[in-house]
Amino acid sequence: MVESDGASRVARRPRILVFSTNNISDPGIDLAGSQHLHYSPAVSTITVPCSSGIQPTWVAYALEHGFDGVFLAIDGDECAYLPDCNQRSSRVAARAQEMVKEKGIEAQRIRMSAICSVCSEAFVKHMEEFSAVLGELGPTGERVP
Amino acid sequence: MTTDHEPSDSTTVAGESGEPRRRIGVYVCHCGGNISDYVDVAAVRDAVAGDAEVVHVETTLFACSDATQNDMIEMIESQHLDGLVVASCSPKLHVPTFRAVSRRAGLNPFEYTQVNIREQCSWVHSDDRAGATAKAIGLVRAGIAKTAHSVPLEPITVETTPSALVVGAGVAGMRAATGLADLGLRVYLIERAATLGGWVDRWGPMYPNGADGHQLIERLREQVATRDAITVVTNAELVAKSGNFGNYDVDVRVMSDPPTTQRFRVGSIVVATGFDTYQPEVGEYGYGIDGVVTLAEFKELVDATPGPLRVGGRPVRTVTYIYCVGSRQPDGHQYCSRYCCAATVHASITVADHDADVAQYHLYRDIRTYGKLELLYQESRRRGSVYMKFPDDTPPAVRRDDAGHLVVRTTDTLTEGMAVDIPTDLVVLVTGMVPRENHDLTSLLKLPVGGDGFYNEIHPKLRPVETVVDGVLIAGTCQGPKNSFESVASGLAAVAQSGATLLKGVAELDPLVVNVDQDRCTWCGACQEVCPYGAIDRIVCDGREVATVNALSCKGCGGCAAFCANEAIELLGSTTAQIESMIDGMLEGSARDEELMV
Ligand SMILES: Cc1cc2nc3c(=O)[nH]c(=O)nc-3n(C[C@H](O)[C@H](O)[C@H](O)COP(=O)(O)OP(=O)(O)OC[C@H]3O[C@@H](n4cnc5c(N)ncnc54)[C@H](O)[C@@H]3O)c2cc1C
């Protein structure tokens, strides 16, 4: 973790880790690139096959090690693997929120939304809103030993 | 060694600070300028050049070019690389390319990782070179970390049976059956009804060119009957399926007296079970009132009447059509049913052919006679049909007035929202398609169902007829609303896709499935319970009950892992070690605070 003083805390762009999915949300995030839309370069993405397979422990790990927020770009109704993917992914997010709360990290640092394979603009909007919320909260690293 | 002549700069560091644990080669692509115009690729190279597991790193103008591919192969061989990272475009584009490169160089293809620094970096951060470069370093570090934790995997190879089962003998299933037979495959065509043909068998003249539906099906029946390779079973349903991809054993129950069951071995299954028509509620747009019919009922009436139409013994002078009934409803079926505008417009032309004096009013929200079908719309207008658009929030109302006459009141948006009463003899509710009730089949084959109730493909553009269940394909309207030629086209796509695997005689499955750490597993059954594919079994191992995964049935979603209390399940390719080391890599490489200032 890089230390930051009070002044830069206000100005630093929040680091966001996005979990996306091979077949649905990652193509949507790729599309933002093909359309040359812009979002903060402090956003990075890890892709997995299905959002129901994201481990709550990974989310907690990211927040404990220096990410300021984690966004789950879930499959939604379009998941080709599981008809109840939405509920399962919500369960992942809820469990991750419980896990981090116990460690004194705000639950708002974990967000979830379905991102479809053409949802580029929605994704960019989510990143803008989430960055703003995380900017208010300040860096996670400061609160965790 | 570091050289700095653009665009192919390379650094080879071998065993400087002790022997590296892994020997990974990294290629950072300029993509012409698509990446290097916005990301300092040389800085990315230099940043990771000293990493412990990186033996070789270079920038390249085009990673996908033949020349670079050959360089990679040479490098893998001469440096004995055991991992490859290519940082270029989206994995959707070149994963097969670089897996093949690895294979040719004798490197296991699953020891290669694609890092997306174009769609998810240079193109979205073209306004911020420092930020984009810092992020690219993080992404490449994550790719190196993932590769460092990768293990060699072999695709799962299975021998396949050269035969296919087609479920449902509508136009899509029948055409798929003849297509499969013509590829030299054995075909079992099963149909729930007593005869083949589905909905098209009921129709007379159809759009686009007026060909008679019943006659089309007659012709297809003949083509099915003359192919020895096709076995037709009617009054039949699929009742059991066992085995794995490439070799399914299917049980077909025939509703004869007494019922019998036949077993077939097939390599693929084409599901072509079709649709149902939307059935309006009584009272919905006056449905239930005498003289108010659905499009399907109307079509059958028109097809059965050679001359002028009559209802209740009286000639029909006026027909009023109400569009989008049961389709595009905010809280019901939200989708467009696609076939209905054209079918209605076509039927209205047939009506005018039989009786030029009938007045026809089309009350619509939007008309979608896409592509060449637009010509039908124009022709119907030429033939006197009147089109009136009503607002979304004020649908037409149908009633019988005191004198017993059928009247439709509509709001015409094109005359400033004036309310218009249309006395009419017949009201046609232009009803759409709904998914056919097929609960048993859906759960038997584990078919994925979308939010609208139709079956889901893997990818709407690139893999439109495959499902996540290997070897189970979907064709025709069971996948969503289609007209007959679109249904046939998807039937033939399923033929091509079946042929592509079954004619080779062997199929390869992706080995990225879940893995159970049996030392950690204490068998609670949670994983088995949440797996809809039946991929998890209980076995006894050294006297303990533990879970085991059938790699042929596992789809690799990883959904079960989230339910394992002991963290005993991992998805290969996305293991906890890989993901956590990727997170570390991203943070280590990511921008320092000052580079992230707004
Ligand atoms: C009123 C109306 C007018 C139309 N007009 C036109 C037109 O003019 N031009 C045009 O191109 N298209 C038209 N269409 C669309 C056309 O009818 C469809 O595109 C076509 O029928 C789709 O064929 P299919 O094989 O997908 O499905 P279907 O025709 O529904 O056939 C599916 C078959 O599967 C069988 N089946 C279902 N479940 C099972 C099971 N579990 N086991 C075994 N068998 C099963 C069914 O019995 C059926 O025989 C019209 C549709 C309607 C409703």
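Each chain gets a letter, A, B and so on, in the order the sequences are listed, and its residues count up from 1. Fair warning: this is a prediction, and the values are worked out from it, not measured in the lab. The analysis underlying the following values was restricted to heavy atoms, covering all of them including side chains, and did not include hydrogens, waters or symmetry mates.
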For this session: Drop me the distance from B:C557's SG to A:R88's CZ, to the nearest 0.5 angstrom.
Result: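 B:C557 atom SG to A:R88 atom CZ measures 6.5 Å (nearest 0.5 Å).
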
Exercise. Quick one: NE2 on A:H38 to CG on B:D127, what's the gap to the nearest 0.5 Å?
Worked result: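 Answer rounded to 0.5 Å: 4.0 Å.
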
Exercise. Please, which pairs that meet disulfide (SG to SG under 2.5 Å) have at least one residue in residues 43-95 of chain A, sequence neighbours excluded?
Worked result: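 Passing the test, one end in residues 43-95 of chain A: no pairs.
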
Would you say the side chain of [Y] lies within less than 4.5 Å of the side chain of [X], judging by non-hydrogen atoms?
X      : Y      : result
A:Y61  : B:D584 : yes
A:V48  : B:I579 : yes
B:D128 : A:R13  : yes
B:E119 : A:L31  : no

Sort [X] into side chain, backbone, both or neither according to what part of it lies under 4.5 angstrom from a heavy atom of chain A.
X      : answer
B:K555 : both
B:A562 : both
B:V530 : both
B:N116 : side chain
B:E567 : side chain

For [X] versus [Y], what's the shortest heavy-atom pair and its separation?
X      : Y     : value
A:D30  : B:K92 : OD2-CD, 3.7 Å
B:K135 : A:Y39 : NZ-CE1, 3.9 Å
B:G559 : A:S52 : CA-OG, 3.4 Å
B:E580 : A:T57 : OE2-O, 4.5 Å
B:Q120 : A:T45 : OE1-CB, 3.4 Å
B:A561 : A:Q55 : CB-NE2, 2.9 Å

For this session: May I ask you to name which of B:S90, B:A132, B:C531 has the most heavy-atom pairs under 4.5 Å with chain A?
Result: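 Sorted descending by pairs with chain A, the first entry is B:S90.
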
Problem set entry | Residue selection (most heavy-atom pairs with chain B, distance under 4.5 Å) from A:V92, A:N86, A:L82 |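 Of A:V92, A:N86, A:L82, A:L82 has the most heavy-atom pairs under 4.5 Å with chain B.
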
For this session: For chain B, find which of A:T47, A:I54, A:V43 contributes the most heavy-atom pairs closer than 4.5 angstrom.
Result: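 Highest number of heavy-atom pairs under 4.5 Å: A:V43.
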
For this session: Can you tell me which residue pairs pass the salt bridge (charged side-chain N to carboxylate O under 4.0 Å, His left out) test with a partner in residues 462-473 of chain B, sequence neighbours excluded?
Result: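 Of all non-adjacent pairs touching residues 462-473 of chain B, those that pass salt bridge (charged side-chain N to carboxylate O under 4.0 Å, His left out) are B:R463-B:E466.
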
Side-chain donor-acceptor contact under 3.5 Å, [X] with [Y]:
X      : Y      : value
A:Y81  : B:N456 : no
A:H36  : B:S126 : no
B:T576 : A:W58  : yes

For this session: Would you mind listing every side-chain hydrogen bond (donor to acceptor under 3.5 Å, both in side chains) that reaches into residues 113-124 of chain A, with sequence neighbours excluded?
Result: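 Listed once each, the pairs are A:Q35-A:S120, A:S113-A:H126.
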
Problem set entry | Residues from residues 16-29 of chain A approaching chain B under 4.5 Å (heavy atoms) |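 Expected list: A:L17, A:F19, A:N22, A:N23, A:D26, A:P27, A:I29.
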
